[in-house]
Protein chains: 2
Amino acid sequence: MNAAGRFARYLSTNRLKMTRTRRAILEEILAIRGHFTADDLLAHFRRRGRDVAPATLYRTLARLVEAGLVHRIDMAKGQARYEPMFGRHHHDHMICVSCGKIIEFENRTIERIQADVCRRKRFTLVEHTHQLRGHCAQCSQNGTPAARPRGAS
Amino acid sequence: MNAAGRFARYLSTNRLKMTRTRRAILEEILAIRGHFTADDLLAHFRRRGRDVAPATLYRTLARLVEAGLVHRIDMAKGQARYEPMFGRHHHDHMICVSCGKIIEFENRTIERIQADVCRRKRFTLVEHTHQLRGHCAQCSQNGTPAARPRGAS
DNA sequence: GCCACAATTGAGAATGATTATCAATTTTGC
DNA sequence: GCAAAATTGATAATCATTCTCAATTGTGGC
C-alpha cells in the first residue's frame with residue numbers, strides 16, 4: 001500500500017479524519033524525500049500560497065510519526081528533523097556539526113548487540129537513538145576550524 | 001588528580017576562576033554520585049540554605065562538561081540529565097520511559113563498529129549519543145500499561 | 001599583600017521550539 | 001444531508017535554558 005493509503009488506514013483505525021490539510025502535508029513530505037524541519041515544510045507551503053498553521057503541522061507530524069510513516073530525529077538543540085520512512089527500514093544518523101548534513105548508516109551487528117544488551121538487563125526496548133556527531137568528509141577536508149580553546153581569537 | 005584538582009587545572013588553563021560557588025557546585029555533584037538534573041541540584045542547594053542562581057548553575061555545568069568531569073545526557077524532551085564522569089569511562093544509557101530510571105551499559109564491540117562506520121564514511125567523530133528507551137525490568141513486570149491506542153480509556 | 005582588570009554572579013528578561021486553548025469550520029457514518 | 005465528533009488556525013502558554021548587565025569577586029604581577 002502507498003503512503004497515502006497507509007495514512008488513511010491509520011487515521012480511520014483511530015477514528016481520525018483524512019482532511020485536505022493532512023493530505024497536503026503528506027504530499028509535501030513525499031515530494032521532499034529527505035530530512036527536513038517543521039519550518040522547512042512551513043516555508044514550502046508559504047511559497048506555494050497555501051498557508052498551514054504551525055500548530056496544525058506539528059499535530060500532523062505527530063500523527064505521521066505515530067503511524068510509522070515519518071521518523072523524528074531529536075537534535076541536542078534546535079529544531080527536530082523529520083524524514084519520511086515510507087518503504088525504508090530503520091537506520092541511524094551521523095550529523096555534521098559544521099554544515100548540518102545528515103548521513104545515514106545502518107549496521108545489523110550493532111542492532112543485534114543492542115538487542116542482546118536489552119535482553120541481558122531484562123529491558124523491553126521501545127525505541128532507540130544512535131547519533132554520531134562530528135565533521136563530514138567535506139568539512140574536515142576544508143579545514144573546518146576545530147572547537148577553539150577559550151580565549152583564542 | 002582528584003576532581004577538584006582537575007577542575008582547577010581546567011579553569012586556570014582557560015583563564016577562568018575557581019570561585020566559591022563553583023567549588024560548592026562540584027562538591028554537591030560529587031556527593032550526589034548519580035544521574036541528576038539541574039533542578040535536582042538547585043533543590044539540594046535550597047534545602048541547605050545556600051542559594052545558587054539557575055544561570056550560574058547552568059554556566060558551571062557547561063564548564064564541567066567542557067572539562068570532561070561531567071557528562072550531559074540530552075533527553076528527547078524535558079530537562080537534560082547530568083552525571084559525574086570522574087574516574088569513569090564512556091558508557092551509554094537505557095532510559096525507562098515508565099519510571100525514568102537510567103541504566104548504564106557499555107559495549108566495546110559497538111564502539112569499535114561505530115568507529116569503523118565513521119572511517120568508511122570519512123567522518124571525524126566528535127561525540128555520540130546512544131540511548132535505548134523502553135521499560136526496565138521492574139516496570140515491565142509490574143504490568144506498566146503499554147502505549148495505549150487512541151480512544152481507549 | 002595590594003591593585004587593576006578581567007571574570008563571575010544573580011536577577012530578571014529573552015529565547016525558541018513546541019504544545020495547549022478554544023471558537024469557528026470541516027468530515028464522516030448513518 | 002445531518003448531527004456528532006474531529007480539525008483548524010490564531011493566539012497564548014510552556015519551560016528549559018541562555019542572555020544581559022550592573023554589582024561583586026578572584027588573581028597575576030608587582
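Both backbone and side-chain heavy atoms feed into the values below; hydrogens, waters and symmetry mates do not. Quantities reported herein were computed from a predicted structural model and do not represent experimental measurements. By convention in this document, chain letters (A, B, ...) are assigned in the order of the sequence lines, proteins followed by strands, and residues within each chain are numbered from 1.
L11(B) meets the side chain to side chain contact (heavy atoms under 4.5 Å, CB included) test with F7(B), L16(B), M18(B), R22(B); sequence neighbours excluded. Shown here are the side chain to side chain donor-acceptor pair (under 3.5 Å) partners of T109(B), two or more places apart in sequence or in another chain: there are none. R59(B) pairs by the side chain to side chain contact (heavy atoms under 4.5 Å, CB included) definition with A55(B), T56(B), not counting sequence neighbours. In this structure, the ring-ring contact (aromatic ring centres under 6.0 Å, His included) partners of H35(A), at least two apart in sequence or on a different chain, are H93(A).
Atom pair N14(B):CG and dA6(C):P shows a separation of 17 Å (rounding to whole Å applied). Distance, D51(B) CG to dA11(C) C1': 12 Å, rounded to whole Å. Rounded to an integer number of Å, the gap from CG of L61(B) to P of dT9(C) is 12 Å. The distance from atom CG of L57(A) to atom P of dG9(D) is 10 Å, rounded to the nearest whole Å.
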Pairs of donor and acceptor atoms involving the side chains of residues 113-122 of chain A, under 3.5 Å and at least two apart or interchain, shall be tabulated with distances.
unit_1, atom_1, unit_2, atom_2, d
Q114(A), OE1, H130(B), NE2, 2.6
Q114(A), NE2, H128(A), ND1, 3.4
D116(A), OD1, R119(A), NH1, 3.0

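Grouped with I73(B) in one hydrophobic cluster are M75(B), I95(B), I102(B), the linkage being side-chain heavy-atom contacts under 4.5 Å among Ile, Leu, Val, Met, Phe, Trp and Tyr residues. Through side-chain heavy atoms spaced under 4.5 Å, either directly or across other Ile, Leu, Val, Met, Phe, Trp or Tyr residues, M85(B) is tied to no other residue.
V97(B) and L125(A) fall into different hydrophobic clusters, where Ile, Leu, Val, Met, Phe, Trp and Tyr side chains are chained together by heavy-atom contacts under 4.5 Å.
Non-hydrogen atoms lying under 4.0 Å from DNA chain D are contributed by nothing in residues 26-47 of chain B.
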Q) What string of B, S and - do you get for nucleotides 19-30 of chain C, 5' to 3', if B is base contact, S is sugar-phosphate-only contact and - is no contact with any protein heavy atom under 4.0 Å? A) BBB-----BS--
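Pairs of residues two or more places apart, or lying in two chains, that qualify as salt bridge (Lys or Arg N to Asp or Glu O under 4.0 Å) and include a residue from residues 75-104 of chain A are R88(A)-E104(A). For residues 36-51 of chain A, the pairs satisfying salt bridge (Lys or Arg N to Asp or Glu O under 4.0 Å) are E28(A)-R48(A), with sequence neighbours left out.
One finds the OG atom of S98(A) at 4.5 Å from the NE2 atom of H135(A) (value rounded to the nearest 0.5 Å).
Proximity note for Q79(A) (side chain, C-beta onward) versus dT7(D), dA16(D), dA17(C): the nearest is dA17(C).
At the phosphate of dA5(D), neither OP1 nor OP2 sits under 4.0 Å from any side-chain N or O atom of R15(A).
Bending across the helix from dG1(C)-dC30(D) to dC30(C)-dG1(D), expressed as the angle between its end axes from five pairs apiece, amounts to 50° (10° rounding).
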